[in-house]
Amino acid sequence: MLKMINTIKILKMMAVAMCLLLHTQWSAAQTVVQASIDSTMIMIGEQTSVHLEVVTGKDNPVGWPIVTDTLTRGIIVLEAGKRDTSITDNNRLLIKQDFLVTSFDSALYVIPPFIVTSGTDTLKSNVMVLKVVTYTDVDPEKGIYDIKPVMTPDFVLADYYPYIFGIMGGLFLFCVIMYILQKRKKKEPVFSFMKKEPKLPPHLEAISKLDKIKVEKLWQQGRNKEYFTQITEVLRQYIMRRFQVNAMEMTSEEILSEIYRLHDVHSVYDTLKHVLELADLVKFAKYVPLPNDNEMSILNAYLFVNQTKIEELQNPAGEGNATTEPVTEKEDQANR
């Protein structure tokens with residue numbers, strides 16, 4: 001009888017031990033899914049974090065939920081953190097992931113459960129609630145305040161490249177334009193590699209142009225205005241080069257005043273005056289000159305150039321620099 005009682009006790013102890021072992025193995029294989037949220041109420045545009053935790057056996061395969069850009073309509077996922085895996089004290093596997101969310105519509109949102117698979121089982125987390133309030137719901141006594149402090153962006157030099165290069169390009173273009181205008185004003189070649197053709201002395205250039213006008217005989221074709229215009233243009237260009245006077249921009253009276261001031265021979269002044277006054281009558285008063293006036297005008301133009309010309313004289317040995325001497329009226333007549 002005693003022997004039988006001992007056998008029964010042993011069987012009971014073995015059964016209890018077996019139950020404990022099975023319970024331990026079941027607990028080790030069980031998967032638990034838990035979701036939480038930092039704040040259940042936020043302002044429009046404010047942010048909060050949602051946490052998903054899964055505890056399971058170390059050898060259990062886990063199918064993690066795929067989270068897109070929204071948890072539900074109205075709840076936007078700004079950032080999905082990396083999954084963190086660790087081993088708990090009771091030798092179980094802990095998997096965690098955080099999601100930064102926000103909302104721009106005021107409402108009471110129900111966040112649906114996360115769905116996790118473990119082997120052949122499908123598990124769901126708990127349901128969460130998030131309330132999003134507007135500024136109308138703010139306590140008047142607390143007032144309105146910024147959700148986030150104002151941030152000053154970091155200085156990045158590349159952000160200012162368009163302005164820097166734009167200003168530099170504008171300055172460069174301005175300098176190029178001013179350089180070209182100065183060269184054009186001085187009637188010099190814009191670029192140094194563009195060699196400037198040597199010019200004839202002012203009196204030779206003027207006489208050459210007058211020769212062409214004389215040969216054309218425009219007055220015989222009834223083109224008196226064009227004839228006198230060409231003569232005065234040649235004289236103005238000659239005066240500009242010979243006396244460094246901007247005759248192209250002056251009136252006839254201003255030119256005569258300058259010649260009277262710069263040259264001491266009065267016959268020069270009278271010669272030029274006869275040409276310019278007659279030319280003004282033809283060009284502006286529609287005066288019809290006589291044939292003798294036409295011929296006399298071009299002869300006076302020749303005479304004015306010869307009376308005021310400066311010739312380059314070489315020394316007898318042909319050495320050294322050339323010197324320039326003005327040729328007076330008497331010397332010119334003696335030479336002829």
Parallel, tilted or perpendicular: rings of Tyr260 and Tyr269 (30°, 60°): perpendicular

Verdict with reasoning, Ile213 to Leu218, per side chain to side chain contact (heavy atoms under 4.5 Å, CB included): CA-CA 8 Å; Ile213 297 173; Leu218 295 176; 5.6 Å; no

Rounded distance (nearest 0.5 Å) linking atom CD1 of Ile239 with atom OG1 of Thr308: 7.5 Å

Is it the case that one hydrophobic cluster holds both [X] and [Y], taking links as side-chain heavy atoms less than 4.5 Å apart, direct or via other members?
X: Phe228; Y: Ile207; result: yes
X: Phe114; Y: Trp64; result: yes
X: Ile255; Y: Val245; result: yes
X: Leu181; Y: Leu173; result: yes
X: Val55; Y: Leu93; result: no

Can you check whether [X] reaches [Y] side chain to side chain, under 4.5 Å on heavy atoms?
X: Gln237; Y: Lys209; value: yes
X: Tyr287; Y: Asp293; value: yes
X: Val133; Y: Ser106; value: no
X: Leu71; Y: Tyr109; value: no
X: Ile95; Y: Glu53; value: no
X: Leu272; Y: Val268; value: no
X: Lys214; Y: Tyr302; value: yes
X: Ile259; Y: Phe304; value: yes

For the side chain of [X] and the backbone of [Y], is there at least one donor-acceptor N/O pair under 3.5 Å apart?
X: Ser49; Y: Asp38; value: no
X: Arg92; Y: Gln30; value: yes
X: Thr122; Y: Thr117; value: no
X: Gln34; Y: Asn126; value: no

Neighbour count above 12 (heavy atom, 6.0 Å) for Glu254 CD: yes

Lys96 atom NZ, neighbour heavy-atom count above 12 within 6.0 Å: no

Sidechain N-carboxylate O distance under 4.0 Å for Arg236, Glu233: no

Arg223 with Glu216: basic N within carboxylate O range, under 4.0 Å: no

Shortest non-hydrogen contact from Ser252 toward Asp280: OG-OD2, 2.8 Å

Test item: side-chain donor near acceptor, Tyr227 and Ser297, under 3.5 Å: no

Side chain to side chain contact (heavy atoms under 4.5 Å, CB included) assessment of Val33 paired with Leu52: CA-CA 8 Å; Val33 181; Leu52 175 62; 3.9 Å; yes

Co-members of Phe165 in a cluster of I, L, V, M, F, W and Y side chains, linked at under 4.5 Å: Phe155, Leu157, Tyr160, Tyr161, Tyr163, Ile164, Met168

Other cluster members, Val129 - Ile/Leu/Val/Met/Phe/Trp/Tyr, side-chain contacts below 4.5 Å: Leu108

From CA spacing to verdict: side chain to side chain contact (heavy atoms under 4.5 Å, CB included), Thr31, Val62: CA-CA 9 Å; Thr31 300; Val62 176; 5.5 Å; no

